[in-house]
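Structure first, then comments.
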Amino acid sequence: MNGWLLAAGITALGVAAVHIAGGHRDTVRPLLSSGLADEPKRALHAVWHMVTTDLLLSGGALVYLSLANDTAGTDLVAWFVAAHFLAYGAVFLAITLTVGWPRPLLRLPQWILLLPVALMTMAGAT
């Protein structure tokens with residue numbers, strides 16, 4: 001068993017839970033009750049659900065990979081998952097740091113949850 005990948009998978013599933021609970025309250029409800037036109041509103045709603053699915057599938061894949069450590073392709077899939085969590089974290093950091101908010105790193109703290117998954121996955125993939 002690969003402890004790093006297991007920890008990354010459990011953390012990713014925790015991130016998914018935070019996304020589902022917090023995101024529905026803080027993002028989806030305000031979005032759906034906003035005055036935004038229906039097409040962009042529903043497209044953004046669908047994207048939120050796509051991210052939910054991605055987080056759940058990635059967490060599940062990491063847990064599976066942690067148990068299938070010697071299976072061919074494990075490292076490649078782990079590196080792919082690490083890269084996309086790293087990219088998600090980088091996107092949140094880039095947007096947060098370019099908005100011009102005071103104390104920006106705490107306004108959109110999603111990167112704090114995403115980057116550890118990337119780092120643990122990278123540690124498990126090496």
Side-chain angles (χ1 to χ4, degrees):
M1 179 172 68
N2 185 319
W4 284 111
L5 294 181
L6 181 60
I10 291 169
T11 303
L13 292 172
V15 170
V18 169
H19 172 79
I20 291 166
H24 189 265
R25 183 187 68 240
D26 295 341
T27 303
V28 174
R29 280 189 203 163
L31 171 68
L32 294 179
S33 65
S34 75
L36 193 63
D38 282 341
E39 289 81 6
K41 182 187 302 187
R42 292 303 170 184
L44 290 170
H45 189 204
V47 169
W48 183 82
H49 284 291
M50 290 166 56
V51 171
T52 302
T53 303
D54 181 56
L55 293 170
L56 289 170
L57 290 173
S58 295
L62 289 170
V63 169
Y64 174 81
L65 292 174
S66 76
L67 303 172
N69 195 29
D70 293 329
T71 304
T74 298
D75 287 348
L76 179 62
V77 175
W79 280 109
F80 176 79
V81 173
H84 97 265
F85 271 86
L86 189 62
Y88 278 177
V91 166
F92 269 103
L93 277 172
I95 289 172
T96 300
L97 294 173
T98 58
V99 173
W101 291 329
R103 297 177 49 179
L105 295 177
L106 300 177
R107 292 284 299 267
L108 291 175
Q110 289 86 337
W111 63 274
I112 296 170
L113 297 172
L114 298 165
L115 293 181
V117 174
L119 295 174
M120 286 185 283
T121 304
M122 286 187 274
T126 56

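Following chains of ILVMFWY side-chain contacts shorter than 4.5 Å, one can reach V99 starting from F92, so the two form part of one hydrophobic cluster. Hydrophobic clustering places Y64 together with L55 (ILVMFWY residues linked when any side-chain heavy atoms are closer than 4.5 Å, directly or through intermediates).
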Below 3.5 Å, can you tabulate the donor-acceptor pairs from side chains in residues 26-37 to any protein atom, sequence neighbours excluded?
from: S33; atom 1: OG; to: R29; atom 2: O; distance (Å): 3.1
from: S33; atom 1: OG; to: P30; atom 2: O; distance (Å): 3.3
from: S34; atom 1: OG; to: L31; atom 2: O; distance (Å): 2.7
from: S34; atom 1: OG; to: L36; atom 2: N; distance (Å): 3.3

Pairs under 3.5 angstrom only: tabulate donor-acceptor contacts from the side chains of residues 111-123 to other protein residues two or more places apart or in another chain.
from: W111; atom 1: NE1; to: L105; atom 2: O; distance (Å): 3.1
from: T121; atom 1: OG1; to: V117; atom 2: O; distance (Å): 2.7

Side-chain atoms of residues 79-87: list all donor-acceptor pairs with protein atoms under 3.5 Å, sequence neighbours left out, distances to 0.1 Å.
from: H84; atom 1: ND1; to: V81; atom 2: O; distance (Å): 3.3
from: H84; atom 1: NE2; to: D54; atom 2: OD2; distance (Å): 2.9
from: H84; atom 1: NE2; to: S58; atom 2: OG; distance (Å): 3.3

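Remark: W48 engages H19 in a ring pair (Phe, Tyr, Trp, His ring centres under 6.0 Å) (not counting sequence neighbours). By the ring pair (Phe, Tyr, Trp, His ring centres under 6.0 Å) test, H49 pairs with H45, sequence neighbours left out.
Rounding to the nearest 0.5 Å places CG of L6 at 6.5 Å from CG of L67. For the atom pair CG of L93 and CD of Q110, the computed distance is 10.0 Å after rounding to the nearest 0.5 Å.
Residue L13 comes nearest to L56 through the heavy atom pair CD2-O, 3.8 Å, listed as atom of the first residue, atom of the second, then distance. Closest non-hydrogen pair, T74 versus T71, comes out as OG1-O, 2.7 Å.
Residues in residues 90-105 take part in no side chain to side chain donor-acceptor pair (under 3.5 Å) pair, two or more places apart or across chains.
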